[in-house]
Amino acid sequence: MYQAPRGTFDILPDEQSYWRYIEQKAVELCQLYGYQRIDTPAFEETRLFARSIGESTDIVEKEMYTFEDKGGKQITLRPEGTAPVCRAYLEHGMHNLPQPVKLFYWASIFRYERPQSGRYREHHQFGCEVFGDDAPALDAEVIDIAWQFFSALDVGQLSLNLNSIGCRECRPGYLVVLQDYYSRYSRDLCPDCKTRLKRNPLRLLDCKQPLCRQVAGSAPQSVDSLCPQCGEHFGRLKRYLELLELPFVVNHCLVRGLDYYTRTVFEVQPESEGAQSTLGGGGRYDYLIEELGGNPTPAIGFASGIERVVLNLKRQRVAVPALPRPRIFVAHLGDEAKVEAVRLASVLRRAGIGVLEPIAGKSLKAQLRQANTLNVAYTVIIGEQEVEAGTVILRNMATSEQKNLPVAQLPEYLQSLD
RNA sequence: GUGAGUGUAGCCUAGUGGUUAGGGCGUCAGGUUGUGGCCCUGAAGAUCGAGGGUUCGAAUCCCUCCACUCACCCCA
C-alpha cells in the first residue's frame, strides 16, 4: 500500500471546513487592510533561498528540498514565503507601483525536518508582505493583522513577543558587545552555542539549553545598542502598538532564525504549553530587496502556520461553520421515475439548487435512509404516479411533512424556502 | 541528526504462547405492497506494520527493518 510521504498528510473532506474557514478569515482581513493576493511557484532557483535566508541557517544548511532539473538547474521547493514574493516584486517592477505595495499569500512550504506535533515536511502558511516604506506605522499594521487573524479565529490566549535587532549601522556594534559577553562564558555553553558564538552570535540568545538560557538572561540587550534611527523607530512602533491595544511584551531573546531580519522582529505564541507552538512571526527585512538585486527598499512581513492554527482551533473546540452541501435529495421509484429524476436534478442544479441523487436500483426505504444519512433538509420523491400526474412529493426531513406540487413549480418553491 | 513510546478491518478496541482473532462505531442489505431517524436481524471488511528467528504451536517471546506519535533540535 502506498501512503503519503513522511511529514505530509491529506486534508480529507471532513477537515476541509477548518481550512476553508481559516482561509476565508485571512482573505477577509487582507481585504480590510488593502493587501492583494499573490501566488508564486512552489519552486524557485536554489540560490534565491540561499541568498535570502542565509547560508548558515538550518533551513538552508539541512532542510531544503533541492534537486537538479532535467535542464541542469538547481531547484528548491520553497522553504519559506518571503523570498519568492520579493523575487516577484523585483521581476515585475513593482517599485513602479504606488508604494507601499501590500501583498499576501497562502502557500505550501517545504522543509525536510523530523515530523512531530505541529511540524510537517509540507505545511501551509498565510503571510503578508509590505514593500517600499519603513514607517513604523506599517510595522504596527502588519503586527496588527497577525494579531487580528489569530484573535478572529479564537485560538485561545495569546502572547505577542517583540524585539528590535537593529540595522547595518548599529547591529555590528551590538554583536561585538554580545560576543564579548558570551566569550566570558564560552566554557559553559552548549556545543551548538560554541559554534554560534563564531558564526551567528545573534542566535546565541534563543538557545533553549538551561545553562545557555541563564547566560542569555543577563546578556546585553540589542535595544540598548540601537542607533538613534532604530531607537526612534522602535519607540514609535511601541507607541502605535499601545494605541492599537496590542498587548506586546519586549523579549530581548527574540531574534528569529532567518538572517534577513532587521529592526523589528515579533512572534505570536499561544499561552497553552506545547513544543511546536509558535503560531506566527515575522519582522522587518530592509536590505533583502537590495541583496536580491533591487534598489534599496525597506520591507516588513509576517507568516503564520495554518496547521498550528487548526491544532489550536481543535484544542479550543472551536466550532467552525460547515461547508455548504446540497440540501435536496431526489428519490425515485421505477424506470420512468428514474429518467424524470435525472431530468429534474439537472433542472434544479441549473437553477442553482444543490441536489444529491441516489445510485440506481435501491428501494425507496434505502433511498430515504441514504437521504437521512446525508442530512438533507428535503427529499423529492418521484414514483410512477407522480410521473403520470406531472407532480412530485416534497418531504421535509425534519418534520416528515409531505406535500404534492407540480414539477414545474419545484425550483421556485425550493428557492423560496429560507 | 539524537532519544522515547506505539503499530490488531475505514475508525476505536479485546486478546501477553494453544483449536475458525472477539466486540463497538461506521458501511451495505433486509425487517412483505411506494417512505428515513430508534430498534431487531444479517453481510462485507484483518495476509494481527513487513521480514526473519525461537517453539510441536506466535497477534503474543527475540532480532532487523518500516511507519506513526512525542520530545530534543529547528521553526510556522
Side-chain angles (χ1 to χ4, degrees), chain A residues 1-9 12 14 53 57-64 78-82 106-127 146 149-150 190-193 196 200 203 206-210 212 254-258 266-270 273-282 301-312 329 331-334 337 358-359 361-387 393-402:
Chain A
M1 277 270 275
Y2 292 106
Q3 57 188 113
R6 184 148 211 220
T8 69
F9 57 92
L12 297 172
D14 279 355
I53 299 168
T57 59
D58 281 16
I59 294 178
V60 171
E61 275 189 343
K62 46 196 188 201
E63 296 176 1
M64 296 207 302
R78 70 177 154 227
E80 61 106 35
T82 299
W106 177 282
S108 285
I109 303 292
F110 305 88
R111 289 181 204 166
Y112 188 84
E113 298 183 277
R114 268 300 265 283
Q116 71 183 75
S117 178
R119 189 170 78 186
Y120 303 91
R121 289 185 174 179
E122 179 187 16
H123 75 276
H124 299 77
Q125 291 188 2
F126 157 58
F149 176 60
F150 300 121
C190 71
D192 283 339
C193 280
R196 287 186 184 119
N200 201 342
R203 299 305 306 282
D206 68 351
C207 183
K208 311 297 185 302
Q209 299 297 324
C212 299
L254 176 62
V255 296
R256 314 270 307 149
L258 294 85
F266 68 97
E267 270 182 14
V268 179
Q269 306 267 359
E273 281 305 306
Q276 304 296 321
S277 56
T278 303
L279 281 170
F302 99 97
S304 61
I306 306 305
E307 283 74 4
R308 293 182 185 176
V309 174
V310 172
L311 202 65
N312 278 278
F329 185 89
H332 54 78
L333 215 68
I359 56 162
K362 285 191 174 190
S363 68
L364 183 59
K365 176 182 273 207
Q367 292 182 60
L368 276 158
R369 255 202 257 260
Q370 191 183 355
N372 190 63
T373 310
L374 292 166
N375 203 22
V376 294
Y378 295 90
T379 299
V380 175
I381 302 169
I382 309 172
E384 305 291 334
Q385 292 166 32
E386 287 70 34
V387 174
I393 298 168
L394 184 64
R395 180 180 180 85
N396 180 323
M397 296 301 281
T399 63
S400 299
E401 282 171 322
Q402 297 194 171

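Chain A is the first sequence line, chain B the second, and so forth, proteins listed ahead of strands; every chain is numbered from 1. A quick note: this is a predicted structure, and the numbers were derived from the prediction, not measured. Side chains included, hydrogens not; waters and symmetry mates left out as well; all remaining heavy atoms used.
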Do any N or O atoms of the protein come closer than 3.5 Å to N or O atoms of nucleotides 3-9 of chain B, and which pairs are they?
from, atom 1, to, atom 2, distance (Å)
B/G3, O6, A/R114, NH2, 3.2

Whole Å only: how far is the CG atom of A/D58 from the C1' atom of B/C72? 13 Å
For B/U16, which nucleotide in any strand shown is its Watson-Crick or wobble partner with both distances under 3.5 Å? none
Test side-chain contact (heavy atoms from CB on, under 4.5 Å) applied to A/V309 and A/L279, step by step: CA-CA 7 Å; A/V309 174; A/L279 281 170; 4.1 Å; yes
B/G26 to B/C12 separation - C1' atoms, rounded to the nearest Å: 11 Å
A/Y120 OH to B/C73 C1', straight-line distance once rounded to whole Å: 18 Å
Closest non-hydrogen contact found for A/E122 with A/S108 is OE2-OG, 2.8 Å
Any donor-acceptor pair under 3.5 Å linking the side chain of A/T278 with the backbone of A/G280? no
Opposite nucleotide pairing with B/A50, Watson-Crick or G-U, both atom distances under 3.5 Å: B/U64
Can you check whether A/S117 has a side-chain N or O nearer than 4.0 Å to OP1 or OP2 of B/C70? yes
B/C48 versus B/G23 - spacing of their C1' atoms, nearest Å: 16 Å
Mapping A/D206 and A/P5 onto RNA chain B by nearest heavy atom, which one lands closer to the 5' end? A/P5
Distance-only donor-acceptor test (3.5 Å): side chain A/Q116, base B/C73: yes
C1' atom, B/G36 versus B/G30: distance in rounded Å? 15 Å
Can you tell me the distance, in whole Å, between the CD atom of A/Q3 and the P atom of B/C68? 6 Å
In whole angstroms, the gap separating C1' of B/A76 from CD of A/E122 amounts to 14 Å
Using the P atom on both, measure B/C28 against B/G37 and round to a whole Å. 12 Å
Return the CG to OG1 distance between A/L258 and A/T57, rounded to the nearest 0.5 Å. 6.5 Å
Who are the salt bridge (Lys or Arg N to Asp or Glu O under 4.0 Å) partners of A/R256, not counting sequence neighbours? A/E267
What's the gap between B/A9 and B/U2 when it is taken at their C1' atoms, as a whole Å value? 36 Å
Both distances below 3.5 Å, Watson-Crick or wobble geometry, any strand: find the nucleotide opposite B/C70. B/G3
Taking atom C1' in both B/C63 and B/C25, what distance in whole Å separates the two? 37 Å
Same-atom distance (P) from B/G22 to B/C65, integer angstrom: 34 Å
Would you kindly check if the NZ (Lys) or CZ (Arg) of A/R78 is within the cone defined by 45 degrees around the ring axis of A/F110 and under 6.0 Å from the six-membered ring centre? no
Give one of base, sugar-phosphate or nothing for A/R256, where a contact means two heavy atoms less than 4.0 Å apart. sugar-phosphate
With sequence neighbours left out, write down each residue that passes salt bridge (Lys or Arg N to Asp or Glu O under 4.0 Å) with A/E61, or none if nothing qualifies. A/R199
Across every strand shown, the nucleotide meeting Watson-Crick or G-U wobble geometry with B/A9 (both distances under 3.5 Å) is none
Paired to B/A21 by Watson-Crick or G-U wobble criteria (both distances under 3.5 Å) is none
Listed by chain and number, what are the salt bridge (Lys or Arg N to Asp or Glu O under 4.0 Å) partners of A/D192, not counting sequence neighbours? none
Determine whether a donor-acceptor pair (one donor, one acceptor, N or O, separation below 3.5 Å) exists between the side chain of A/R6 and the base of B/C66. no
Mind calculating the distance between CD1 (A/I59) and C1' (B/G1) to the nearest angstrom? 17 Å
Mapping A/P115 and A/V268 to their closest nucleotides on RNA chain B, which lands nearer the 5' end? A/P115
Nearest whole angstrom, please: distance from the P of B/C72 to the NZ of A/K62. 15 Å
Taking the same atom, C1', in B/G15 and in B/G24, what whole-Å distance lies between them? 15 Å
note: A/R111, atom CZ; B/C73, atom C1'; distance rounded to Å ~ 14 Å
Specify the closest pair of heavy atoms between A/F9 and A/E307, including all atoms of both residues, with the distance to one decimal. CZ-OE2, 3.3 Å
How is A/A303 classified with respect to the nucleic acid when contacts are heavy atoms under 4.0 Å: base, sugar-phosphate, or nothing? sugar-phosphate
Walk me through it: do A/M64 and A/E80 pass the test side-chain contact (heavy atoms from CB on, under 4.5 Å)? CA-CA 10 Å; A/M64 296 207 302; A/E80 61 106 35; over 6 Å; no
A/R119 CZ - B/A71 P separation (whole Å): 9 Å
Using a 3.5 Å distance criterion without hydrogens, assess whether the side chain of A/S400 forms a donor-acceptor pair with backbone atoms of A/N396. no
Pairing partner (Watson-Crick or G-U wobble, both distances under 3.5 angstrom) of B/C28: B/G42
Does B/G36 have a Watson-Crick or wobble mate here (both distances under 3.5 Å), and if so which one? none
At under 4.0 Å between heavy atoms, how does the protein contact nucleotides 33-46 of chain B? Give one character per nucleotide, 5' to 3', with B, S or -. -BBBB---------
Quick one: list whatever passes ring pair (Phe, Tyr, Trp, His ring centres under 6.0 Å) with A/F302, sequence neighbours left out. A/F126
